[in-house]
Amino acid sequence: MATDYDAPRKSDDDIDNDSIEELKARRVDKNTASVDVDETEQAEGFELPGADLSGEELSVQVIPRQADEFTCSKCFLVHHRSQLAKEVGGLPVCTECAA
(Lines give C-alpha, C1' and ligand atoms only; values in the text may rest on other atoms or scores of the structure.)
Protein backbone atom coordinates (compact mmCIF):
# COMPACT_ATOMS: atom_id res chain seq x y z
CA MET A 1 0.00 0.00 0.00
CA ALA A 2 1.39 3.39 -1.01
CA THR A 3 1.90 6.02 1.67
CA ASP A 4 1.55 9.71 1.01
CA TYR A 5 4.27 11.26 3.16
CA ASP A 6 3.21 14.78 2.14
CA ALA A 7 -0.30 14.41 3.58
CA PRO A 8 -0.91 16.29 6.82
CA ARG A 9 -0.68 14.16 9.93
CA LYS A 10 -2.85 14.40 13.00
CA SER A 11 -1.23 16.05 15.96
CA ASP A 12 -1.83 15.05 19.58
CA ASP A 13 -4.43 17.82 19.86
CA ASP A 14 -6.40 16.42 16.91
CA ILE A 15 -6.36 12.93 18.39
CA ASP A 16 -7.69 14.22 21.72
CA ASN A 17 -10.55 15.96 19.90
CA ASP A 18 -11.87 12.79 18.22
CA SER A 19 -15.42 12.06 19.23
CA ILE A 20 -16.40 8.96 21.18
CA GLU A 21 -18.69 7.88 18.35
CA GLU A 22 -15.84 8.07 15.83
CA LEU A 23 -13.55 6.04 18.08
CA LYS A 24 -16.25 3.41 18.62
CA ALA A 25 -16.83 3.19 14.86
CA ARG A 26 -13.12 2.61 14.26
CA ARG A 27 -13.04 -0.13 16.90
CA VAL A 28 -16.06 -1.88 15.35
CA ASP A 29 -14.47 -1.70 11.90
CA LYS A 30 -11.29 -3.35 13.17
CA ASN A 31 -13.25 -6.15 14.90
CA THR A 32 -15.32 -6.98 11.84
CA ALA A 33 -12.23 -7.35 9.69
CA SER A 34 -10.95 -10.36 11.63
CA VAL A 35 -12.63 -13.72 11.08
CA ASP A 36 -12.33 -16.60 13.53
CA VAL A 37 -12.05 -19.79 11.46
CA ASP A 38 -11.73 -23.24 12.97
CA GLU A 39 -9.00 -24.94 10.95
CA THR A 40 -10.24 -28.47 11.63
CA GLU A 41 -13.75 -27.67 10.36
CA GLN A 42 -12.28 -26.04 7.30
CA ALA A 43 -9.99 -29.02 6.59
CA GLU A 44 -12.84 -31.55 6.78
CA GLY A 45 -14.36 -30.09 3.63
CA PHE A 46 -11.27 -30.76 1.50
CA GLU A 47 -11.35 -33.76 -0.78
CA LEU A 48 -8.64 -34.97 -3.09
CA PRO A 49 -9.85 -34.81 -6.67
CA GLY A 50 -10.36 -38.28 -8.09
CA ALA A 51 -9.00 -40.04 -5.01
CA ASP A 52 -11.26 -42.58 -3.33
CA LEU A 53 -9.29 -43.73 -0.30
CA SER A 54 -12.15 -45.52 1.44
CA GLY A 55 -10.90 -48.98 0.40
CA GLU A 56 -7.27 -48.37 1.31
CA GLU A 57 -5.68 -50.18 4.22
CA LEU A 58 -2.66 -48.93 6.08
CA SER A 59 0.11 -51.47 6.40
CA VAL A 60 2.81 -50.72 8.95
CA GLN A 61 5.51 -53.05 10.15
CA VAL A 62 5.68 -52.95 13.95
CA ILE A 63 9.15 -53.60 15.35
CA PRO A 64 9.34 -54.68 18.99
CA ARG A 65 11.35 -52.60 21.46
CA GLN A 66 15.07 -53.39 21.15
CA ALA A 67 17.41 -54.25 24.01
CA ASP A 68 19.00 -50.78 23.93
CA GLU A 69 15.65 -48.94 24.08
CA PHE A 70 13.22 -48.04 26.86
CA THR A 71 9.67 -46.72 27.12
CA CYS A 72 9.40 -43.44 29.01
CA SER A 73 6.92 -43.62 31.91
CA LYS A 74 5.82 -39.99 31.32
CA CYS A 75 5.33 -39.64 27.53
CA PHE A 76 5.18 -43.39 26.71
CA LEU A 77 7.51 -42.98 23.73
CA VAL A 78 10.26 -45.47 22.96
CA HIS A 79 13.72 -43.89 23.25
CA HIS A 80 17.31 -45.06 22.94
CA ARG A 81 19.13 -45.70 26.24
CA SER A 82 21.21 -42.56 25.61
CA GLN A 83 18.01 -40.53 26.22
CA LEU A 84 17.50 -41.98 29.72
CA ALA A 85 17.63 -39.13 32.25
CA LYS A 86 16.59 -40.85 35.48
CA GLU A 87 14.35 -43.44 37.03
CA VAL A 88 11.46 -42.35 39.23
CA GLY A 89 10.12 -45.14 41.41
CA GLY A 90 11.93 -47.68 39.26
CA LEU A 91 10.30 -46.33 36.06
CA PRO A 92 12.47 -44.76 33.34
CA VAL A 93 12.05 -41.09 32.37
CA CYS A 94 13.49 -39.60 29.18
CA THR A 95 15.56 -36.40 29.01
CA GLU A 96 12.72 -34.43 27.40
CA CYS A 97 10.26 -35.23 30.20
CA ALA A 98 12.86 -34.71 32.92
CA ALA A 99 13.59 -31.15 31.72
Side-chain angles (χ1 to χ4, degrees):
M1 183 165 98
T3 303
D4 183 10
Y5 292 105
D6 295 329
R9 295 185 178 90
K10 287 188 173 186
S11 66
D12 291 337
D13 295 334
D14 294 336
I15 292 173
D16 291 339
N17 293 334
D18 285 341
S19 68
I20 295 293
E21 290 78 20
E22 184 180 337
L23 294 174
K24 286 181 182 177
R26 279 193 230 157
R27 186 179 69 196
V28 170
D29 290 342
K30 288 181 184 177
N31 289 342
T32 57
S34 65
V35 177
D36 188 20
V37 177
D38 187 11
E39 294 175 4
T40 55
E41 288 180 9
Q42 188 178 18
E44 288 175 359
F46 292 134
E47 291 186 19
L48 298 173
D52 181 19
L53 302 176
S54 60
E56 290 292 320
E57 289 187 23
L58 197 61
S59 59
V60 177
Q61 182 181 6
V62 178
I63 301 172
R65 187 177 70 214
Q66 303 298 308
D68 61 346
E69 294 176 334
F70 70 97
T71 304
C72 176
S73 61
K74 301 286 183 180
C75 64
F76 304 106
L77 294 176
V78 176
H79 295 279
H80 188 265
R81 283 279 174 205
S82 63
Q83 296 292 316
L84 180 64
K86 60 184 177 180
E87 288 191 10
V88 177
L91 300 173
V93 177
C94 69
T95 55
E96 293 176 10
C97 293

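The residues of the chain are indexed from 1 along the displayed sequence.
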- Minimum heavy-atom separation for R81 to E69, with atom names? NH2-O, 3.8 Å
- Measuring from C94:SG to K86:NZ, what's the distance to the nearest 0.5 Å? 10.5 Å
- Query: Which atom pair, heavy atoms only, marks the closest approach of T71 to P92?
  - Reply: O-CG, 3.4 Å
- Are the side chain of Q66 and the backbone N or O of P64 linked by a donor-acceptor pair below 3.5 Å? yes
- Query: With sequence neighbours left out, what residues match S73 under side chain to side chain donor-acceptor pair (under 3.5 Å)?
  - Reply: none
- Applying side chain to side chain donor-acceptor pair (under 3.5 Å), name anything that partners S82, two or more places apart in sequence or on another chain. H80
